Amino acid sequence: KSNYSKDYYGAISDYTKAIELNPDDANSYLQRGISKSILGDANGSCADWRKAVSFGNSTASQKLKDQCN
């Protein structure tokens, strides 16, 4: 059984706080985008991944290619 919480709304809130503290943190944008994607927010996730890509995050780049137009 996984130890990971399924509180994606809480995760989005936490990543948003992290971004407020460090607006250049590509990983927070990546992870917030993943949480938004799981919840069905395609526009929000793609926007976060675009921001992560602007900071050079290659994982976000792949997610953009796979899931965003």
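All values derive from a computational prediction rather than experimental measurement. One is the number of the first residue; the rest follow in order along the sequence.
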According to side chain to side chain donor-acceptor pair (under 3.5 Å), who are the partners of [X], at least two apart in sequence or on a separate chain?
X	answer
T16	R32
S28	D25
S35	none

Subject >> Any side-chain heavy-atom pair of R50 and C68 under 4.5 Å >> reply: yes
Original post:
Does any non-hydrogen side-chain atom of D48 lie less than 4.5 Å from one of Q31?
Top reply: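 Side chain of Q31 against side chain of D48, heavy atoms only: no contact under 4.5 Å found.
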Original post:
About how many Å separate CG of L30 and OG1 of T59, when rounded to the nearest 0.5 Å?
Top reply: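 The OG1 atom of T59 sits 6.0 Å away from the CG atom of L30.
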Subject >> Spacing of S58 atom OG and L64 atom CG [to the nearest 0.5 Å] >> reply: 11.5 Å
Original post:
What are the two closest heavy atoms between A60 and V53, and how far apart are they?
Top reply: C-CG2, 3.6 Å
For residues 38-45, which side-chain N or O atoms pair as donor and acceptor with protein atoms under 3.5 Å away, sequence neighbours left out?
| unit_1 | atom_1 | unit_2 | atom_2 | d |
| --- | --- | --- | --- | --- |
| D41 | OD1 | G44 | N | 2.7 |
| S45 | OG | D41 | O | 3.1 |
| S45 | OG | A42 | O | 3.0 |

**OP:** Kindly determine whether K63 and I34 satisfy side chain to side chain contact (heavy atoms under 4.5 Å, CB included), including the steps that lead there.
**Re:** CA-CA 9 Å; K63 291 202 169 290; I34 291 169; 3.7 Å; yes
**OP:** Would you please name every residue forming a side-chain contact (heavy atoms from CB on, under 4.5 Å) with D24, sequence neighbours left out?
**Re:**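 Residues passing side-chain contact (heavy atoms from CB on, under 4.5 Å) with D24: N22, F55.
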**OP:** Following the transitive rule for hydrophobic clusters with a side-chain heavy-atom cut-off under 4.5 Å over Ile, Leu, Val, Met, Phe, Trp and Tyr, establish whether I12 and Y29 coincide in one cluster.
**Re:**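 No, I12 does not connect to Y29 through the hydrophobic network.
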Subject >> Cluster check W49, Y15: I/L/V/M/F/W/Y, side chain < 4.5 angstrom >> reply: no
Original post:
Is L21 isolated, or which residues cluster with it under the ILVMFWY side-chain rule of less than 4.5 Å, directly or via members?
Top reply: none
